[in-house]
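Down below is the structure, laid out as structure tokens.
Residue numbers start at 1 and run along the sequence shown.
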Amino acid sequence: MPQLPAPAYPADVLARLEADAKEVIARYPDSRSALLPLLHLTQSEEGFVSRTGMAFCAERLGLTTAEVTAVATFYSMYRRKPSGDYQVGVCTNTLCAVMGGDAIYDRLKEHLGVGKNETTEDGKVTLENIECNAACDFAPVVMVNWEFFDNQTPESATRLVDDLIAGRTVEPTRGAPLCTYKETARILAGFPDTRPGAVEATGGAGPASLVGLKLAKGEAAPQARVVGPRGEAPRDTPAHEPSPTEHLSSHDAPQQTSASDPANPAGPAAEEGE
């Protein structure tokens with residue numbers, strides 16, 4: 001059955017969004033280039049990209065709703081249904097999974113009583129698993145509204161979501177202070193983060209990530225382990241000793257975070273088909 005037309009925004013909401021949309025569109029020589037930030041803008045209003053939001057974007061940019069829908073459904077940062085104030089994304093890609101990401105994700109599903117991309121009954125937390133958080137040297141990593149929480153364990157991740165639900169202050173490991181998903185969406189639309197200290201807050205990659213860049217630029221310290229040409233033995237050097245000011249990754253300071261570590265033996269492997 002054909003869908004009914006998308007409901008209109010209330011007059012006050014429409015006026016506010018139109019003013020913001022004009023500011024966004026003015027940044028681009030071709031108006032259709034403003035589609036991605038406009039989708040973030042509508043997401044900042046409702047917490048997801050609704051049919052009303054997609055119609056709004058289409059009308060302002062001279063696009064069809066099919067063109068807008070094609071973009072909104074392609075990028076995973078745009079939600080298609082109402083979601084929580086805090087998007088908790090657990091990396092379950094290879095390295096994070098080996099370091100304990102799978103165990104964290106399973107624990108949070110059980111603890112919160114939700115499945116993939118589902119939201120707690122109080123509307124606070126939406127849980128998802130992410131393919132990569134681009135922070136492998138701090139594995140396993142959890143992101144909340146795209147802010148990093150590094151070197152997590154099932155226990156620390158459980159405390160994290162409990163604090164979010166209880167409304168307690170939560171500080172990311174790196175980056176800006178945490179805000180709600182709607183506030184994050186507005187920032188991603190290109191509007192300034194006016195919270196005190198938010199712009200100054202930062203956090204970079206760890207030593208394990210940076211050593212490859214330094215090698216490529218010829219800036220690696222003499223003690224770095226360099227893999228020689230094929231056929232030559234690698235040159236072993238002393239292990240990296242981080243300074244007191246460095247943010248330790250789980251590779252610099254190994255932690256028992258994986259469900260398959262010696263303290264949590266998995267038992268004998270079953271034969272195929274068992």
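With Phe191 as the aromatic partner, Arg27 meets the cation-pi criteria of under 6.0 angstrom to the ring centre and within 45 degrees of the ring axis.
Proximity of Trp146 to Tyr181: side-chain heavy atoms (C-beta onward) are separated by under 4.5 Å at one or more points. Put simply, the side chain of Glu128 does not reach to within 4.5 Å of the side chain of Val90, judged on heavy atoms. Side-chain contact between Thr65 and Met54 is absent, with no heavy-atom pair separated by less than 4.5 Å. A heavy-atom distance below 4.5 Å is found between the side chains of Met77 and His40. Looking at Asp122 and Ile165, their side chains come closer than 4.5 Å, going by heavy atoms from C-beta outward. Residues Cys57 and Thr42 meet the side-chain proximity criterion, which asks for heavy atoms closer than 4.5 Å. Inter-residue side-chain proximity for Thr73 and Arg80 is flagged as met; some heavy-atom pair is nearer than 4.5 Å. Looking only at side-chain heavy atoms (C-beta outward), Phe149 and Leu160 come within less than 4.5 Å of each other.
Looking at every heavy atom in both residues, Ala139 comes nearest to Leu95 through CB-CG, 4.1 Å.
Atom CG of Asn117 and atom CG of Asn129 lie 7.5 Å apart (nearest 0.5 Å). Here the OG1-CD distance, from Thr180 to Glu183, works out to 3.5 Å after rounding to the nearest 0.5 Å. One distance of note links OH of Tyr75 with CG of Leu35; it measures 9.0 Å at 0.5 Å rounding. Interatomic distance, NZ of Lys116 versus OG1 of Thr126, reported as 13.5 Å (0.5 Å rounding). With rounding to the nearest 0.5 angstrom, the CD atom of Gln43 is 12.5 Å from the CG atom of Leu38. For the atom pair Ser50 OG and Lys81 NZ, the distance stands at 15.0 Å (nearest 0.5 Å).
In summary, of the residues considered (Asp85, Leu178, Thr120), a side chain to side chain contact (heavy atoms under 4.5 Å, CB included) with Leu164 occurs for Leu178 alone.
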#### Entry: Phe56 and Tyr9: CA distance, side-chain angles, deciding distance, side chain to side chain contact (heavy atoms under 4.5 Å, CB included) verdict
CA-CA 9 Å; Phe56 174 86; Tyr9 283 123; 3.9 Å; yes
### Message
Let's go through Arg107 and Glu155 carefully: what are the C-alpha distance in whole Å and the side-chain angles of both, what is the deciding distance for salt bridge (charged side-chain N to carboxylate O under 4.0 Å, His left out) to 0.1 Å, and is it a yes or a no?
### Response
CA-CA 9 Å; Arg107 173 73 68 83; Glu155 292 72 27; 3.3 Å; yes
### Task
Determine, step by step, whether Val71 and Leu39 satisfy the side chain to side chain contact (heavy atoms under 4.5 Å, CB included) criterion, reporting the C-alpha distance in whole Å, the side-chain angles of both residues, the deciding distance to 0.1 Å, and the verdict.
CA-CA 9 Å; Val71 173; Leu39 287 170; 3.9 Å; yes
### Task
Decide side chain to side chain contact (heavy atoms under 4.5 Å, CB included) for Arg32 and Leu63; before the verdict, give the C-alpha distance in whole Å, the side-chain angles of both, and the deciding distance to 0.1 Å.
CA-CA 8 Å; Arg32 69 183 296 146; Leu63 302 173; 3.7 Å; yes
### Task
Go through Val125 and Thr119 one step at a time and tell me if the side chain to side chain contact (heavy atoms under 4.5 Å, CB included) criterion holds.
CA-CA 6 Å; Val125 171; Thr119 303; over 6 Å; no
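Leu188 is not connected to Leu36 by any chain of hydrophobic side-chain contacts under 4.5 Å among Ile, Leu, Val, Met, Phe, Trp and Tyr, and they are in different clusters. Ile187 and Val24 fall into different hydrophobic clusters, where Ile, Leu, Val, Met, Phe, Trp and Tyr are joined by side-chain heavy atoms under 4.5 Å apart, directly or via other members. Connection of Val88 to Phe48 is not established within any shared hydrophobic cluster, with ILVMFWY side chains joined at heavy-atom distances below 4.5 Å, either directly or through further cluster members.
Side chain of Ser156 to backbone of Gln152: no donor-acceptor contact under 3.5 angstrom is found. Of the possible polar contacts, none joining the Thr64 side chain to the Ala58 backbone as a donor-acceptor pair under 3.5 Å is found. Judged purely by atom type and a 3.5 angstrom limit, Thr173 uses its side chain to pair as donor or acceptor with the backbone of Asp150. A donor-acceptor contact shorter than 3.5 Å links the side chain of Asn145 to the backbone of Gln87.
Remark: Asp20 engages Arg186 in a salt bridge, criterion side-chain N to carboxylate O under 4.0 Å. A salt bridge links Asp193 with Arg195: the distance from a Lys NZ or Arg NE/NH1/NH2 to an Asp or Glu carboxylate oxygen falls below 4.0 Å. The residues Glu46 and Lys182 are annotated as not salt-bridged, no charged nitrogen and carboxylate oxygen being separated by less than 4.0 angstrom.
The neighbour count for Glu110 CD, taken as heavy atoms of other residues, nucleotides or ligands under 6.0 Å away, does not exceed 12.
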